[in-house]
Participant: 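Dropping a structure here in structure tokens format, bear with me for questions.
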Amino acid sequence: MDTGGNSLPSGPDGVKRKVCYFYDPEVGNYYYGQGHPMKPHRIRMTHALLAHYGLLQHMQVHKPFPARDRDLCRFHADDYVNFLRNITPETQQDQLRQLKRFNVGEDCPVFDGLYSFCQTYAGGSVGGAVKLNHNLCDIAINWAGGLHHAKKCEASGFCYVNDIVIAILELLKQHQRVLYVDIDIHHGDGVEEAFYTTDRVMTVSFHKFGDYFPGTGDIRDIGYSKGKYYSLNVPLDDGIDDESYHYLFKPIIGKVMEVFKPGAVVLQCGADSLSGDRLGCFNLSIKGHAECVKFMRSFNVPLLLLGGGGYTIRNVARCWCYETGVALGMEVDDKMPQHEYYEYFGPDYTLHVAPSNMENKNTRQSLEEIRNKLLEYLSKLQHAPSVQFQERPPDTELPEADEDQDDADERWDPDSDMEIDEDRKPIPSRVKREVIEPETKDMEIQKCTAEQARGFDTTTDEAVSTKATDVSPMPIDEPAVKAGQETLNKASDQMYPKP
């Protein structure tokens with residue numbers, strides 16, 4: 001595959017980038033519950049691979065500061081954030097009405113340390129945005145983030161707070177335009193909704209479309225009002241392979257970069273689009289998935305890389321390790337080094353996994369139709385929209401280092417236990433450690449209908465707005481209704497200040 005892009009010099013992957021990587025060593029201890037497919041333990045497995053491949057020493061490694069209530073409330077409703085802060089497994093039976101209202105309890109269970117988990121993964125994404133805004137790195141990585149389904153007032157699809165929306169709001173303090181690209185197998189509905197009526201943020205989602213969670217993301221859904229043509233959806237069918245995926249990804253994203261000219265890019269790297277995912281039905285290889293990262297990197301635009309879905313956890317760790325190497329411009333060996341989770345990767349103990357022989361239901365004709373339709377939409381875009389001047393809100397300050405922490409930006413020793421910021425409020429001792437459950441062969445079978453069990457209708461009894469709450473001086477008006485879909489309250493145009 002060609003590398004594409006427009007700014008790489010000669011060489012296998014061009015110029016090196018300064019990379020900031022966010023990781024909390026406690027994140028793998030959070031546990032959604034027995035049988036739940038979302039396993040934060042995969043983040044710890046990814047980190048172990050990065051350490052033993054020697055990649056940590058080439059990055060600035062940071063333990064994220066927990067996102068504060070006011071950070072989360074820039075997008076989420078105050079009462080929803082308050083609910084997440086206070087709910088516990090012991091008290092949930094007394095709050096059944098609230099659980100239903102906020103869509104918490106089934107796909108999004110209450111577990112020990114839930115709010116601390118939200119603060120941790122959102123803190124990494126906000127921290128990455130702040131580093132990019134201060135020009136302290138070229139690429140920021142938070143594999144614990146990328147939870148793209150969460151709405152203003154409700155949890156959805158294993159996601160509680162939408163760290164992506166909050167990080168984009170942070171990036172908009174410094175950048176006139178931000179591009180969001182989503183390569184998770186599921187539609188990035190929460191992010192699309194939040195920015196559906198603004199031309200400051202463009203969202204592009206590549207996803208399985210049809211009888212599949214969350215049921216949104218039709219190619220005809222293109223944005224509303226000032227946001228018309230600033231939401232793009234690429235609906236795909238089962239079994240899409242690397243070649244077919246990039247037949248769409250590269251020309252569409254290349255045109256987006258040319259016309260929209262974003263000041264920063266957020267790439268959600270959900271690994272459930274990989275071949276063999278427990279809940280997925282695509283057939284991408286790790287290299288094919290990572291080619292998207294390589295392509296976005298080639299434009300030399302500040303880049304925030306986030307995690308997302310991914311339920312065959314050994315492949316998730318493989319993928320995000322390899323993509324960290326891509327971000328650094330370093331090729332990593334296929335032969336895996338010995339480490340504490342080595343037994344997960346047998347019998348081959350290699351980084352890459354061959355795609356399956358499943359049928360690709362995406363015909364060349366259907367791909368051409370999608371490509372032509374999306375390029376037609378892009379031809380109607382105003383080139384690099386202007387932004388009305390307003391007073392800019394203050395920057396989020398980088399937290400000052402403690403006296404006993406000489407340099408918060410100091411590179412980690414690969415053998416370090418990452419004991420930093422020890423004065424942070426510890427995670428409650430009730431947090432359960434991950435119970436490793438065997439992934440049986442029948443769980444590995446391509447399950448394109450598995451999402452049906454998760455439920456498609458997450459609408460609460462009362463319609464909820466997706467507008468940000470009280471983000472003075474960045475007001476967001478009442479939402480418009482998205483035509484052609486079920487009634488979804490979309491975020492209205494956000495009059496962000498010009499940098």
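Just the heavy atoms: all of them, side chains too, but no hydrogens, waters or symmetry mates, feed the values below. These numbers come from a predicted model, not from an experiment.
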Participant: Would you say Ser205 and His187 are linked by a side-chain donor-acceptor pair, where the criterion is simply a distance under 3.5 Å?
Facilitator: no
Participant: Hey, which of Tyr160, Phe102, Phe75 is the one that makes ring-ring contact (aromatic ring centres under 6.0 Å, His included) with Tyr80?
Facilitator: Phe102
Participant: Can you tell me which residue among Tyr53, Tyr344, Phe345, Tyr349 is in a ring-ring contact (aromatic ring centres under 6.0 Å, His included) with His339?
Facilitator: Phe345
Participant: Indicate yes or no: does Glu291 engage Lys250 in a salt bridge with an N to O separation below 4.0 Å.
Facilitator: yes
Participant: What's the spacing between Lys151 NZ and Asn162 CG if we round to 0.5 Å?
Facilitator: 8.5 Å
Participant: When you measure from the side chain of Gln268 to the backbone of Gly146, do you find a donor-acceptor pair of N or O atoms at a distance under 3.5 Å?
Facilitator: yes
Participant: May I ask you to decide if the ring planes of His36 and Phe158 are parallel, tilted or perpendicular, using 30° and 60° as cut-offs?
Facilitator: perpendicular
Participant: Return yes when atom CG of Asn372 has more than 12 non-hydrogen atoms of other residues, nucleotides or ligands closer than 6.0 Å, and no otherwise.
Facilitator: yes
Participant: Would you please test Thr198 and Tyr230 for side chain to side chain contact (heavy atoms under 4.5 Å, CB included) and show each step?
Facilitator: CA-CA 8 Å; Thr198 179; Tyr230 290 93; over 6 Å; no
Participant: Can you confirm whether the side chains of Ser366 and Asp237 place a donor and an acceptor under 3.5 Å from each other?
Facilitator: no
Participant: Which of parallel (below 30°), tilted (30 to 60°) and perpendicular (above 60°) describes His246 and Phe249?
Facilitator: perpendicular
Participant: Distance from Asp184 atom CG to Asp277 atom CG, nearest 0.5 Å?
Facilitator: 9.0 Å
Participant: Would you call Asp218 and Arg220 a salt bridge, taking side-chain N to carboxylate O under 4.0 Å as the test?
Facilitator: yes
Participant: Decide, yes or no, whether a salt bridge links Asp138 with Lys16 under the criterion of side-chain N to carboxylate O below 4.0 Å.
Facilitator: no
